[in-house]
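Down below is the structure, laid out as structure tokens.
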Amino acid sequence: MLEHSYYAALGLSSIHEKVLSGERLAPEDGLKLFHCPDITAVGALAMHDRCRRHAHKAYYVVNRQINYTNVCVNGCTFCAFRRDSEEEPGAFTLTIDDILTRLHEAYAAALHLDELHIVGGCHPSRRLAWFEEMLHAVHASKPNLPIKAFTPVEIAHFANMEGISTLDVLKRLQKAGLVMMPGGGAEIFDETLRRQICPHKADASTWLRVSGEAHSLGIVTNCIMLFGHLETLEQRIDHLCRLRDQQDKSGGFTCFIPLPFLTENSRLKLPDDKIGPQRGLDQLKTIAVSRLMLDNIPHIKAYWIMLGQKLAPTALWFGADDLDGTIVEERIGHMAGASSAQGMTVSELEHVIRESGFTPVRRNATFSTLNTAEASQ
Ligand code: V47
């Protein structure tokens with residue numbers, strides 16, 4: 001940990017003291033950290049916090065992602081994955097058999113999954129009964145496999161389609177086998193910016209309310225922030241503080257995932273000063289500030305698909321403690337130009353974690369740690 005005098009010279013004296021004593025940072029502290037040009041000073045604070053929680057452990061999960069459709073009514077400007085209708089080139093919608101086939105292929109390839117991650121676009125006609133049937137079918141096929149599915153945005157969409165409450169949707173899906181929800185759709189909470197990049201998507205208060213409802217039922221969830229587009233640093237801090245406030249109330253966020261915006265094939269065009277090689281530093285700093293601001297969320301994920309396979313392990317030194325997983329097939333990032341692989345093997349993940357100076361820890365969807373013998377049952 002760097003010397004107090006070093007932080008004093010950077011004008012970060014009180015932040016340094018707060019981090020050492022475990023005191024909560026104020027929004028202005030987060031902004032100061034963002035404005036600090038010395039990335040190693042910010043990173044060392046985040047590393048201190050991360051080591052206090054997780055020592056030198058770095059988590060990964062043996063998982064498979066499945067996107068059931070990319071047809072979506074929301075029309076978000078940043079999204080290269082979505083198609084507005086079934087007729088548009090590149091549109092796809094899977095059947096339950098397609099999903100089961102992908103699941104069985106994973107096991108046939110000797111991948112003993114500890115998480116099945118299922119999300120999709122907000123399809124205009126697929127009804128809640130189909131999703132219940134799909135969860136039942138997956139659960140019947142692999143009863144011990146934790147299913148992490150549907151963002152708060154999808155839950156709000158199902159509720160609108162059925163004319164029922166989001167709480168009732170959650171109860172029905174939980175009964176059908178849902179144990180955990182991913183954090184997508186949060187994007188950036190600021191209302192003005194949301195009107196620009198995702199005007200038809202569930203709004204910030206709905207996203208937060210649905211997350212809280214899930215927590216009240218015992219469904220743990222994740223949360224994301226999409227950054228590196230048109231947002232200001234103040235809007236990033238506002239986003240983190242809204243998540244922190246929600247977590248104070250409902251307590252069920254397990255992991256925060258800062259997602260850097262990938263620009264290829266996106267209708268959202270960025271000004272030149274927003275794109276460039278400096279984005280790597282901004283991504284590391286955002287991970288570090290997130291670790292320091294979100295004192296009540298246990299895990300910070302460096303999602304290797306979006307960050308890239310070089311920056312994600314580097315982020316373990318900047319406050320992140322999780323790399324996500326084997327994935328197998330990824331579409332949202334790759335349709336937006338991600339240059340990472342489609343998946344990584346367990347030995348690749350463990351190797352990169354070890355080579356980066358950390359101890360690999362295998363976990364399941366809800367972050368229970370597994371020993372290797374238990375994991376491969
Ligand atoms: O909400 C869409 C993002 C998210 C782009 O909970 C983009 O464990 C970058 O939430 N560039 C969906 N990002 C993915 C997601 C996720 C992924 C992995 C793990 C978990 C988890 C959640 O993807 C969307 C949006 O923010 N996204 N387009 C893009 N062009």
Side-chain angles (χ1 to χ4, degrees), residues 59-61 63-67 70 72 74-83 114-122 146-154 156-157 179-189 193-194 197-198 201-202 204 207 211 214 219-231 239 243 252-270 274-275 279 283 286 297-308 312 320-340 343 363-367:
Y59 301 90
Y60 72 93
V61 60
N63 64 353
R64 212 251 186 241
Q65 280 196 18
I66 298 180
N67 299 122
N70 63 348
C72 186
N74 285 332
C76 301
T77 58
F78 61 83
C79 184
F81 168 73
R82 61 123 166 135
R83 295 292 181 269
D114 300 311
E115 171 184 286
L116 183 65
H117 178 154
I118 307 180
V119 287
C122 291
I147 306 173
K148 173 173 106 180
F150 315 125
T151 66
V153 169
E154 288 162 271
H157 174 67
V179 298
M180 163 99 194
M181 284 165 55
E187 319 311 9
I188 196 90
F189 288 141
L193 192 47
R194 229 174 152 83
I197 67 166
C198 50
K201 194 168 231 168
W207 191 95
S211 298
I219 301 171
V220 288
T221 75
N222 288 341
C223 47
I224 63 109
M225 172 174 73
L226 181 68
F227 72 99
H229 44 91
L230 302 177
E231 86 290 356
H239 187 93
L243 288 174
F253 290 129
T254 304
C255 180
F256 173 69
I257 309 128
L259 294 173
F261 173 52
L262 305 177
T263 53
E264 215 172 288
N265 307 320
S266 172
R267 296 161 183 85
L268 181 64
K269 300 296 171 212
L270 297 186
K274 292 263 187 187
I275 27 186
R279 297 185 96 207
Q283 290 166 14
T286 305
I297 299 187
H299 297 281
I300 305 287
K301 182 181 296 188
Y303 184 41
W304 65 263
I305 290 276
M306 304 286 195
L307 281 173
D321 58 272
D322 183 70
L323 288 184
D324 202 278
T326 49
I327 311 273
V328 182
E329 182 186 23
E330 198 285 335
R331 296 198 194 218
I332 299 175
H334 285 88
M335 287 171 90
S339 56
S340 46
R363 63 158 176 94
N364 71 5
T366 55
F367 277 82

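All ligand and atom numbering here is 1-based and tracks the order in the structure. Residue indices begin at 1 and follow the sequence shown.
Residue Asn63 forms a side-chain hydrogen bond (donor to acceptor under 3.5 Å, both in side chains) with just one option from Asp114, Asp324, Asn364, and that option is Asp324.
Within 4.0 Å of ligand 1, the residues that place a heavy atom are Phe78, His117, Lys148, Pro182, Gly183, Gly184, Gly185, Glu187, Asn222, Ile224, Leu226, Ile257, Leu259, Pro260, Phe261, Leu262, Lys301, Tyr303, Met306, Asp324, Ile332, Ala336, listed by chain and number.
With sequence neighbours left out, the side-chain hydrogen bond (donor to acceptor under 3.5 Å, both in side chains) criterion links Asn70 to no other residue. The side-chain hydrogen bond (donor to acceptor under 3.5 Å, both in side chains) check on Arg363 picks up Asp322, with sequence neighbours excluded. Residues satisfying the side-chain hydrogen bond (donor to acceptor under 3.5 Å, both in side chains) criterion with Glu187, sequence neighbours excluded, are Lys201.
Between the side chains of Thr151 and Glu154, at least one donor N or O lies within less than 3.5 Å of an accepting N or O.
Of the possible polar contacts, one joining the Arg194 side chain to the Ala186 backbone as a donor-acceptor pair under 3.5 Å is found.
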